[in-house]
Engineer: 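Take a look at this one; I'll ask things after.
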Amino acid sequence: MKEQLQKQLSAILAELQYPSVDVNFDKPKVDAHGDLTTNVAMVLAKSVGKNPRQVAQSIVEKLSINDSFLSSVEIAGPGFINFRFSNGYVVESAKKILSQYSSFGKSNIANGKKTNLEWVSANPTGLLHAGHGRQVLLGQVIGNLLEWTGHTVTREYYFNNAGNQMRTLAESIYSRYRQELGDEYPFPEEGYKGEYIVDIAKEIIALKGDSLKEGDTERSFFKNYGEEWCFKRIKETLARLDVKHDVFYNEDSLYKSGKIAEVIEELKKKDLAYDSEGAVWFRATKFGADKDRVIVKSTGEPTYRLPDIAYHREKFRRGFDLIVDIFGADHIATIPDVLNGVQALGYETKDVKVIIHQMVSFVNGEEIVKMSKRNAKTYTLDDLIDEVGVDAVAYFFVMRSVGTHLEFDIALAKEQSDKNPVYYLQYAHARIASILRHAATDGIAVNDISSMLSNTDFSLVKEKEEIDLLKKLLEFPEIVESCASSFEPHRLTTYLREVAETFHRFYHEHRVINDDKQLMQARLTVCLMTKIVIANGCKILSVSCPEKM
RNA sequence: GCAUCCGUAGCUCAACUGGAUAGAGCAUCAGACUUCGAAUCUGAGGGUUGGGGGUUCAAAUCCCUCCGGGUGCACCA
C-alpha cells in the first residue's frame, strides 16, 4: 500500500518536473489527519518557488485514487497530504492476522544476518542483584526482536574466571571459612561482603571440615567452588526469566589460544602500541582519546581492555555480521577503548552496536529502596522475582527507553489492579479468552482458523471502534521492525498498552456475544485478531498472557 | 575539571528520530454495570518541553551557552 503510493507520487513529481526527493510517509498522531501523511509538498516548496499548499494541490490533482484502498485524500495544515484508508481495505488486510497467526509480526528483513548478542556477562563472583534485571530483560527482548526480524542470533555470555576478581572471591570465602571455624582471621580489604560468601564457606565446611585450613595456598579449591556456586545461581536466576545463552565465552580461552599475545604483537607492528615505564600502552590518542591507555600492566598482567579488544576481534573472525553489546552506564568508559581497538585491528565499528542503558532505582511506593553494596544484605534479582513475579519483572524492566533512568516501583509491580500496566495488558487477553470460551459454547469454532476465515462475513466489521482496533493491530509488524532496528523495546510495551486500550473501548461499545450469529462471528474474529497480537507481543516481551486471571 | 546520558503535567514516563492542537498512565474531580470479565469505559482540570540564543517553511527533537541531576574518568572489571 505504502509502496504503491510512493511509486505513484514519485512518478507525479517527475511528471511535474519537480526535483526528485524521497517521499516519506508518517502516521499522523491525530485521527483527524488520516492514516498516512506525507510532507513532500513542504520539502519541495522552497526549491520549486511556490507555497507548499499549491505544490500539494498540483500533486493531488494528478493523483488517481483507487477507492477500494483510499476513502479520502486531503491537503491540510501547512501543506501535508493526508490519506485515509477505506474500511474495506483495512478489514481485508486484517485477515492476514488470522492466517499468519503466531507468526504475525515476523519478518525476514535482516535476511538471516549472523548476529552476536552479548549481555549480562557478570563474572561469577556473586549473585545477580535486582539492578541487573534491566540488562537481563533488555537483552532478552532485544534478542527476541532480532529473531522476529530475521536475524540469526547467537546469545552470548562473556566471563572471566581468572583475574583479580576471582582471587578476591577466593580470599573472601577462605576468610569466612576460617571465621566459621572459629578462627580470628582478617577479611580482605576489598572482599565481597555479601551473606552468600558465608553460605559458601559453610558448605565447604560441611564438605571438607577444616582440612583446607592449610595446604591450599593458591586457594584454588575456594576459587573453583565459589565460581561454580555463583554460576549455578546466576544461571538459575536467568532460567526463571526464560533467558538462555547459547555460548558462555571464557576470557581465559583468549590467553590459552594466544589471541591476546597476537593482538599486542599486531598493534605494535602497526605502531599503535608501545612500551613505556614497564607497561604496554595503546595509542588511544590516535583515535581521539585524551590520553593513551595501558593494556599490559608493569606486572605483566593485561588490563581489561586488551582481552575485550581481542574478544571483539574474535567475534568478527567467527563470522558475525552484526555485533551487539549491552552495557550499563557504569561501563561506559570501556566502550571507546574497545571500539578503537577494533578499528585499530582493521574492522568496521559500524558493525558493532553498543547499547548503553541507564541505571535503575527502586522504590516501594513512597519509600526509596537502598541497595548499597557495603551492606551485607543485597537485594538480589531473585528476591525481586519472588516479590513481584516474573511477568512484572519482565515488563517493568523494558517499559522505559534505555536512555533514561528507570524507576522501578515494587509496590506497583506487585499490585493486582488497574494501576499496574502488566495486569491491564493481561486482563485484555484474559477477557478475550473468556469471550471466546463463551462463543465455543455457542458452537462457533473459534479454534479453527480456516473455517473462521471462510465462514465469516467480514463486511459486518464496520463500526468505528472495530476499524480503529484493526488499524492498530495492523501496525504490529512495523512496531516490531522499528523496535528491532532502533534497539528500543520500550515502544512495544507502549504499543501493547494502546492495543489493550483500543480493544477495551471496542468491547465497551459493541456486544460480541449476540443473537445475530453472523454479526457475532464477525466480531469474534476481531477479538481473535486482538488476542493474537497481544499474545505475539507478550511472547517477545517474555511476559505470559493467561487465559484466565 | 573532562566524557557521557538526562531535564517534558503534581508523580512516573511517551512523542514513530525535524512535522500539524506536545500525549499516556497514576493521582484529583464528575459520570457509566439487570447483559459477553467494572482488573473496564466516558468526560474534566492540569504545560513558557530547565533558562537564553541560533539553524528553517516547521524544533521537545539539531547547534551554541548557562543552570540542575545521574554515571564514568586506575597499571580495577
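Lettering of chains follows the sequences in order, A, B, ..., and the numbering in each one begins at 1.
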Engineer: Can you run down the salt bridge (charged side-chain N to carboxylate O under 4.0 Å, His left out) pairs that involve residues 304-315 of chain A, sequence neighbours left out, and say none if there aren't any?
Structural biologist: A:Glu118-A:Lys315, A:Glu262-A:Arg313, A:Glu266-A:Arg313, A:Arg305-A:Asp337, A:Glu314-A:Arg317, A:Lys315-A:Asp325
Engineer: Rounded to whole angstrom, note down the C1' distance from B:G18 over to B:U40.
Structural biologist: 38 Å
Engineer: Could you tell me whether the phosphate oxygens of B:C76, OP1 or OP2, come under 4.0 Å of any side-chain nitrogen or oxygen in A:Lys297?
Structural biologist: yes
Engineer: Between protein and nucleotides 38-50 of chain B, map the contacts as a letter string: B base, S sugar-phosphate only, - none, heavy atoms under 4.0 Å, written 5' to 3'.
Structural biologist: SBSSS--------
Engineer: Starting at CZ of A:Arg305 and ending at C1' of B:A74, how long is that distance when rounded to a whole Å?
Structural biologist: 8 Å
Engineer: If we count only N and O atoms by modelled type, under 3.5 Å, do the side chains of A:Tyr274 and A:Asp292 hold a donor and an acceptor together?
Structural biologist: yes
Engineer: Taking B:A15 as the reference, what is the distance to B:G52 when you measure between their C1' atoms (whole Å, please)?
Structural biologist: 25 Å
Engineer: Between the main-chain N or O of A:Phe80 and the side-chain N or O of A:Asn39, is there a donor-acceptor pair closer than 3.5 Å?
Structural biologist: no
Engineer: List the atom pairs, donor and acceptor, that lie under 3.5 Å between side-chain atoms in residues 522-531 of chain A and the rest of the protein, sequence neighbours left out.
Structural biologist:
| unit_1 | atom_1 | unit_2 | atom_2 | d |
| --- | --- | --- | --- | --- |
| A:Arg523 | NE | A:Glu466 | OE2 | 3.4 |
| A:Arg523 | NH1 | A:Arg511 | O | 2.8 |
| A:Thr525 | OG1 | A:Ala522 | O | 2.5 |
| A:Thr530 | OG1 | A:Val526 | O | 2.8 |
| A:Lys531 | NZ | A:Glu547 | OE2 | 3.2 |

Engineer: Write down the distance separating the P atoms in B:C13 and B:G70, rounded off to the nearest Å.
Structural biologist: 15 Å
Engineer: Return the value, rounded to whole Å, for the distance between atom CG of A:Asp330 and atom P of B:C73.
Structural biologist: 9 Å
Engineer: Please identify each residue that fulfils ring-ring contact (aromatic ring centres under 6.0 Å, His included) with A:Trp119, with sequence neighbours left out.
Structural biologist: A:His245
Engineer: Using the P atom as the point on both nucleotides, what is the distance between B:U61 and B:U56, in whole Å?
Structural biologist: 15 Å
Engineer: Report all side-chain donor-acceptor pairs from residues 477-489 of chain A shorter than 3.5 Å, counting only partners two or more places apart or in another chain.
Structural biologist:
| unit_1 | atom_1 | unit_2 | atom_2 | d |
| --- | --- | --- | --- | --- |
| A:Ser482 | OG | A:Arg491 | NH1 | 3.2 |
| A:Ser485 | OG | A:Glu481 | O | 3.1 |
| A:Ser485 | OG | A:Ser482 | O | 3.4 |
| A:Ser486 | OG | A:Ser482 | O | 2.6 |
| A:Glu488 | OE1 | A:His490 | ND1 | 3.2 |

Engineer: Has the side chain of A:Asn123 got a donor or acceptor atom that lies under 3.5 Å from a matching backbone atom of A:Asn161?
Structural biologist: no
Engineer: Just label B:C33 as syn or anti from its O4'-C1'-N9-C4 or O4'-C1'-N1-C2 angle, using within 90° of 0 for syn.
Structural biologist: syn
Engineer: Does atom NZ of A:Lys286 have more than 12 heavy-atom neighbours, drawn from other residues, nucleotides or ligands, at distances under 6.0 Å?
Structural biologist: no
Engineer: Taking B:U17 as the reference, what is the distance to B:C33 when you measure between their P atoms (whole Å, please)?
Structural biologist: 43 Å
Engineer: Categorize A:Ala45 for me: base, sugar-phosphate, or nothing, with a 4.0 angstrom heavy-atom threshold over every strand shown.
Structural biologist: nothing
Engineer: Convert the base pairs of RNA chain B into dot-bracket notation, remembering that pairs crossing earlier ones are written with [ ] and that bases paired across to another strand are shown as |; include only Watson-Crick or G-U pairs under 3.5 Å.
Structural biologist: (((((((..((((.....[...)))).(((((.......))))).....(((((..]....))))))))))))....
Engineer: Looking at NE2 of A:His357 and CZ of A:Arg134, how far apart are the two atoms once the value is rounded to the nearest 0.5 Å?
Structural biologist: 7.0 Å
Engineer: Just by protein heavy atoms under 4.0 Å, how would nucleotides 6-20 of chain B read 5' to 3' in B, S and -?
Structural biologist: S-----BSSSBB-BB
Engineer: Rounded to the nearest Å, what distance is computed from the CZ atom of residue A:Arg293 to the P atom of nucleotide B:A77?
Structural biologist: 14 Å
Engineer: Checking understanding here: a glycosidic angle within 90° of 0 is syn, the rest anti, so what is B:U17?
Structural biologist: syn
Engineer: Reading RNA chain B from 5' onward, which residue's closest nucleotide shows up sooner: A:Val296 or A:Ser434?
Structural biologist: A:Ser434
Engineer: What integer distance in Å separates A:Asp290:CG from B:G72:P?
Structural biologist: 18 Å
Engineer: Taking only the P atom of each, what is the distance from B:A60 to B:U21 in whole angstrom?
Structural biologist: 11 Å
Engineer: What is the separation between atom CD1 on A:Ile444 and atom C1' on B:C36, rounded to the nearest whole Å?
Structural biologist: 12 Å
Engineer: Could you tell me how far B:U48 sits from B:U8 if I compare only their P atoms? Round to whole Å.
Structural biologist: 12 Å
Engineer: Look at the side chain of A:Tyr157 and the backbone N and O of A:Ala122, then say whether any donor-acceptor pair between them is shorter than 3.5 Å.
Structural biologist: yes
Engineer: Please report the interatomic distance CH2(A:Trp148) to CG(A:Asn536), rounded to the nearest 0.5 Å.
Structural biologist: 4.0 Å
Engineer: Mapping A:Val512 and A:Lys291 onto RNA chain B by nearest heavy atom, which one lands closer to the 5' end?
Structural biologist: A:Val512
Engineer: Please tabulate, for side-chain N and O atoms in residues 391-401 of chain A, each donor-acceptor pair with protein atoms closer than 3.5 Å (sequence neighbours left out).
Structural biologist:
| unit_1 | atom_1 | unit_2 | atom_2 | d |
| --- | --- | --- | --- | --- |
| A:Asp391 | OD1 | A:Ser544 | N | 2.9 |
| A:Asp391 | OD1 | A:Ser544 | OG | 3.3 |
| A:Asp391 | OD2 | A:Gln426 | NE2 | 3.0 |
| A:Asp391 | OD2 | A:Ser544 | OG | 2.6 |

Engineer: May I ask you to list the residues of residues 354-363 of chain A, by number, that have any heavy atom positioned under 4.0 Å from an atom of RNA chain B?
Structural biologist: A:Gln358
Engineer: Without decimals, in angstroms, what is the distance between A:Glu465 CD and B:C36 P?
Structural biologist: 19 Å
Engineer: Measure CE/A:Met166 against C1'/B:C76 and give the value in whole Å, please.
Structural biologist: 15 Å
Engineer: List in chain and number order the residues that pass salt bridge (charged side-chain N to carboxylate O under 4.0 Å, His left out) with A:Glu251, two or more places apart in sequence or in another chain; answer none if no residue qualifies.
Structural biologist: none
Engineer: Distance between the P atoms of B:G50 and B:C41, in whole angstroms?
Structural biologist: 30 Å
Engineer: Send over the distance from A:Glu366 CD to B:C26 P, rounded to a whole Å.
Structural biologist: 17 Å
Engineer: Kindly write out the residues that satisfy ring-ring contact (aromatic ring centres under 6.0 Å, His included) with A:His132, not counting sequence neighbours, or none if the list is empty.
Structural biologist: A:His129
Engineer: Just checking A:Asp275: does its CG atom have more than 12 heavy atoms from other residues, nucleotides or ligands closer to it than 6.0 angstrom?
Structural biologist: yes
Engineer: Does anything in residues 158-167 of chain A form a salt bridge (charged side-chain N to carboxylate O under 4.0 Å, His left out)? List the pairs, not counting sequence neighbours.
Structural biologist: A:Arg167-A:Glu301
